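Contents: one structure, followed by commentary.
Naming: A, B, ... by sequence-line order, numbering from 1 per chain. Keep in mind that what you see is a predicted model, and the values were worked out from it rather than measured.
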There are 6 protein chains.
Amino acid sequence: MDSFTHFNEQGRAKMVDISDKNETVRTAVAVSSVVVNNDIYEAVRQGAMKKGDVLAVAQVAGVMAAKNTAQIIPMCHPLSLSGVDIAFDWTEEKPSHRLNIRVAVKTKGSTGVEMEALTSASATALTVYDMCKAVDKGMVIGETYLLEKTGGKSGDFKREG
Amino acid sequence: MDSFTHFNEQGRAKMVDISDKNETVRTAVAVSSVVVNNDIYEAVRQGAMKKGDVLAVAQVAGVMAAKNTAQIIPMCHPLSLSGVDIAFDWTEEKPSHRLNIRVAVKTKGSTGVEMEALTSASATALTVYDMCKAVDKGMVIGETYLLEKTGGKSGDFKREG
Amino acid sequence: MDSFTHFNEQGRAKMVDISDKNETVRTAVAVSSVVVNNDIYEAVRQGAMKKGDVLAVAQVAGVMAAKNTAQIIPMCHPLSLSGVDIAFDWTEEKPSHRLNIRVAVKTKGSTGVEMEALTSASATALTVYDMCKAVDKGMVIGETYLLEKTGGKSGDFKREG
Amino acid sequence: MDSFTHFNEQGRAKMVDISDKNETVRTAVAVSSVVVNNDIYEAVRQGAMKKGDVLAVAQVAGVMAAKNTAQIIPMCHPLSLSGVDIAFDWTEEKPSHRLNIRVAVKTKGSTGVEMEALTSASATALTVYDMCKAVDKGMVIGETYLLEKTGGKSGDFKREG
Amino acid sequence: MDSFTHFNEQGRAKMVDISDKNETVRTAVAVSSVVVNNDIYEAVRQGAMKKGDVLAVAQVAGVMAAKNTAQIIPMCHPLSLSGVDIAFDWTEEKPSHRLNIRVAVKTKGSTGVEMEALTSASATALTVYDMCKAVDKGMVIGETYLLEKTGGKSGDFKREG
Amino acid sequence: MDSFTHFNEQGRAKMVDISDKNETVRTAVAVSSVVVNNDIYEAVRQGAMKKGDVLAVAQVAGVMAAKNTAQIIPMCHPLSLSGVDIAFDWTEEKPSHRLNIRVAVKTKGSTGVEMEALTSASATALTVYDMCKAVDKGMVIGETYLLEKTGGKSGDFKREG
């Protein structure tokens, strides 16, 4: 078992030294989702067509959260992200529907971007909740997890189906 | 069906006017969780006992995220929170275990604190992921949702079991 | 002539004491604009119709900047804004076109929201520039000024035509 | 016509991938201005001589805004700026006077610093407004635009007189 | 002995609930200092007279830090400060000199402003160090402490000489 | 005597151009301390053993402040820190005790990390004060200074005993 890397000899949190790590291209993809009722489903979809675009606001929130990850996650290294891309699709279930959120983050740097992708996916989902909560507060943010990553010494990761 | 409140007449996002709303005491409780493997479960629990306390760092992240919610969620009103309290407990499942996160937020203000509680719960879960990801990147952040809220014109909300 | 209020007896910048001022409803409206060439004009307008909505992103930036004004303007008091609303319209000129930006900000507080409205209008204009600069870097952000304000001891202000 | 680069295939905003771009030295110069009445003109100039230095505060605001640009402009890449320099001069007009603001930004990085220069110029102008608004709220922030840039694949840009 | 108030029943950090506390006027005064060599002493003093004003920059940093205290100190409540005032004077000692920093903070709120005053004094001192460190890195930031506070249930505090 | 480097030809603050400086590994160590009474000493030490860990919260604050240094110190360059490590020990004095704070910061970059180490040490000390001030507001934050630095053109620095 690998040991925890975020603690120093006194057992206290530290930001791990990465100055020996190589700068390589690194990518990470994380997913989240929001389960909404039929009223919200209809409203969000129509808004995206006509006006009042919930997902446009959520996507901006997701991009900004990716950039702010090191401010939100205490031991996370600051990184100059080179790209963030957020995509949405719907799974129609009855009586509720699931808005799927997929965030891809890329950088050339000394540490991975898993946290940036996960934090961005969470902020995107939270913003959807905020924009729709006047209709129904019973929405649920679904499981949030890393789908895959590439680059860096620890190698690639791909979630098994 | 209530209409979306975050859009103006041009169908563009706005921050809703709340200057007519009364200042009342408002509370919200949100939950999230992190499903971890047995190695992480043992390490986090021992760390909490001896040294290297993952949950102490996660809790600070959760409190700070509650305060930063209006920076993370674009249309969310800034609020002077009066209290934030985060509690943890474990559900032992096999072969993985679930760390349950429960965040209670309180304020005296003109708008609710649902987003603060949800954002805090998410940031707490994300920080647990960050602190433990050197051991296993397969952790899953569980469903995140509002458990209950009190105060404000829209009345109380309590999630049905 | 009124004296400068942002300096102390040593002639050094200070944040003025407003604890004696009453909490009243205060509003401010500020305007800015961006002059763009015909290519950008067509692209932004079509984007708003179909997909790729420059103004949706700019509007989110404007709302967030209103909330962050006290972080951007050193001697500005932090305020819990109660509402922010941003509207756009076009003045078609030849050969370029002007995108007009109008920001209305409202609060119940001890100091005015002129700076919030002006800062929001600027950030909205800057974001339009950022979103379109791959097409043409020659865009100009037009004059930015306060159109009107209400509330507070210094009374109402309305810009003369 | 170049296409918009800030949108993905779903037509949603993204932060463009720049990981293939070379790190080169990049500079940008942006200008803004503030038109003030004679009372403010005299007060600012005397303040700079004796005490109560409006421009010193504005300049700090401009430098900090340059560093915060990626927080203010949603799709803007975070950059480690290597230098920011802000200069002022006056154009005496009757009955008002124009304070000219010129911001030069430099970095060694994978993307340009136009937005940093423009955002810094805007924040500097907004801060002058804030420091002087107790005297007169009728000040106008003048046109804000890019004067020149160097470095990067898109080549140099120089505004035609 | 009063008990620690920043921990919940699980012994974990929380942000204390202050929603029952009254809104009253609260003030706090904190002091810090920087001990500098004669070269820096001469340069800072001349700069303040002619141009290149170290203390103007430090004062802006101090005001902004007061406003950002709840972002820097994890369990500190966000507060809408009503006023911040920073003053400097010199104690001439041989061979070094002491720049004394005194920060007064005021608010009308539910919790005290001791942390805002102390954080502001520290940021002011740190900025003096930053502005002068090219001359000498041996500067020392002197003792930093609360001089007095007024308002609130815990009563007034005045440091004994 | 070296000249001040933070001012431009107009004598105004600027962020110094570092684009010609080499990227090298740079380290800095800064120290601070907090003098507390016996009640706090006992409580902090027992908390670290059982529950309610003041130092865990302070350490998170210190790491986050190191990352935020360029937001707190106006003319400080933004840096992607590669590591931050904070250690505590006690000097038992009568009737008060001194908690010693030592922060080591490391990066691979174009400018030094002295300000990051000093700012982190200050934030750590301030957070200890915040967590314990319900017991006694008479705590004093001790002298804060640079112990040593390595890397960069200006060479190594080591404080003489």
* **Over 12 non-hydrogen atoms of neighbours within 6.0 angstrom of OH in D:Y145** => no
Counting heavy-atom pairs closer than 4.5 Å to chain D, which one of [options] comes out on top?
options                      : value
C:T127, C:I141, C:I72, C:T69 : C:I141
C:A61, C:A125, C:P74         : C:P74
C:M139, C:M75, C:Q71         : C:M75
C:V140, C:V34, C:D130        : C:D130
C:D136, C:V57, C:V16         : C:V57

* **Ion pair D:K137/C:E114, N-O distance below 4.0 Å** => yes
* Identify which part of D:M115 has an atom lying under 4.5 Å from any heavy atom of chain C, answering side chain, backbone, both or neither. => side chain
* Heavy-atom distances under 4.5 Å only: say whether D:S122 touches chain C with side chain, backbone, both or neither. =>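 Just the side chain, heavy atoms under 4.5 Å.
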* Could you give the distance from SG (D:C76) to CE (C:M131), rounded to the nearest 0.5 Å? -> 11.5 Å
* Between atom CG of D:L118 and atom CG of C:L126, what is the distance when rounded to the nearest 0.5 Å? ->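 Reported to 0.5 Å precision, the distance equals 6.5 Å.
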* Side-chain contact test, heavy atoms from C-beta onward, threshold under 4.5 Å: evaluate it for C:I73 versus D:Y129 and give yes or no. =>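 Heavy-atom side-chain distance check fails, nothing below 4.5 Å.
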* Among the options D:A65, D:G142, D:G138, pick out the one with the most heavy-atom pairs lying under 4.5 Å from chain C. =>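 Option with the greatest count: D:G138.
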